[in-house]
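For reference, the structure is listed below as structure tokens.
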Amino acid sequence: MLITFDLDDTLICWQPEIPAEPVKLPWYHKWFRTEPLRHGTVDLFKKLRDCGWQIGIYTTSHRKSKYIKKLFNLHGLKLDLVINQNRHEKIIENLKEKRKPSKLPNWVNSQLHIDDSEGVLIEGKRFNFRALVVDPLDNNWTNKVLAESICVTRMLEQGSYRA
Ligand SMILES: [Mg+2]
């Protein structure tokens, strides 16, 4: 099972009212510019892994895959997959649609994609992938993700999964 997350305004939130995960950089990482990882991410990833999920990032940003992996690694988190805009463009290259989607997580075998964009939810209906929208200001966001992931796990077990 693979779950993918959007980055901007989903896991990386710059708004001052949104709490971030603390990070203590060792001296040899002091040069590294850290972006705020949304509070709750570390615990959420651990719980998802305990339930057997692999975790990936699917973002329209051009941040390099190496940078993204490193950012999560600073918080002790491992990523199984990173799709940035460059990789996404390769994915949709052969898609014969005039209006191409901004994301296509089902093409990288993601059974659940988490995003802050309602537009991605609409794309999910058009391109047959399952998405859950979480608001950056929602304090209960990790519980929503967990509840949906449990729902998807059950559907997969029962063979009744639908996007
Ligand atoms: Mg976003």
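Whatever order the structure lists ligands and atoms in, that order sets their numbers, starting from 1. Side chains are part of it too, since the values below use all heavy atoms of this structure and drop only hydrogens, waters and symmetry mates. What you see is a predicted model, and the numbers here were worked out from it, not measured in a lab.
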Same apolar cluster (I L V M F W Y, side chains within < 4.5 Å links), Leu112/Trp141: yes

Could you check if a side-chain atom of Leu11 sits within less than 4.5 angstrom of a side-chain atom of Asp6, using non-hydrogen atoms only? no

Pull up every protein N/O/S atom sitting under 2.8 Å from the Mg ion (ligand 1), skipping waters. Asp6 OD2, Asp8 O, Asp116 OD1

Treat each ILVMFWY residue as a node, draw an edge where side-chain heavy atoms are under 4.5 Å apart, and state whether Leu81 and Leu71 are in one component. no

Test of understanding: with ring pair (Phe, Tyr, Trp, His ring centres under 6.0 Å), list the residues that count as partners of Phe129, not counting sequence neighbours. none

Will you find, in the side chains of Asp9 and Gln15, an N or O donor that is under 3.5 Å from an N or O acceptor? yes

Assigning hydrophobic clusters by single linkage (Ile, Leu, Val, Met, Phe, Trp, Tyr; side-chain heavy-atom cutoff under 4.5 Å), is Tyr58 placed with Leu79? no

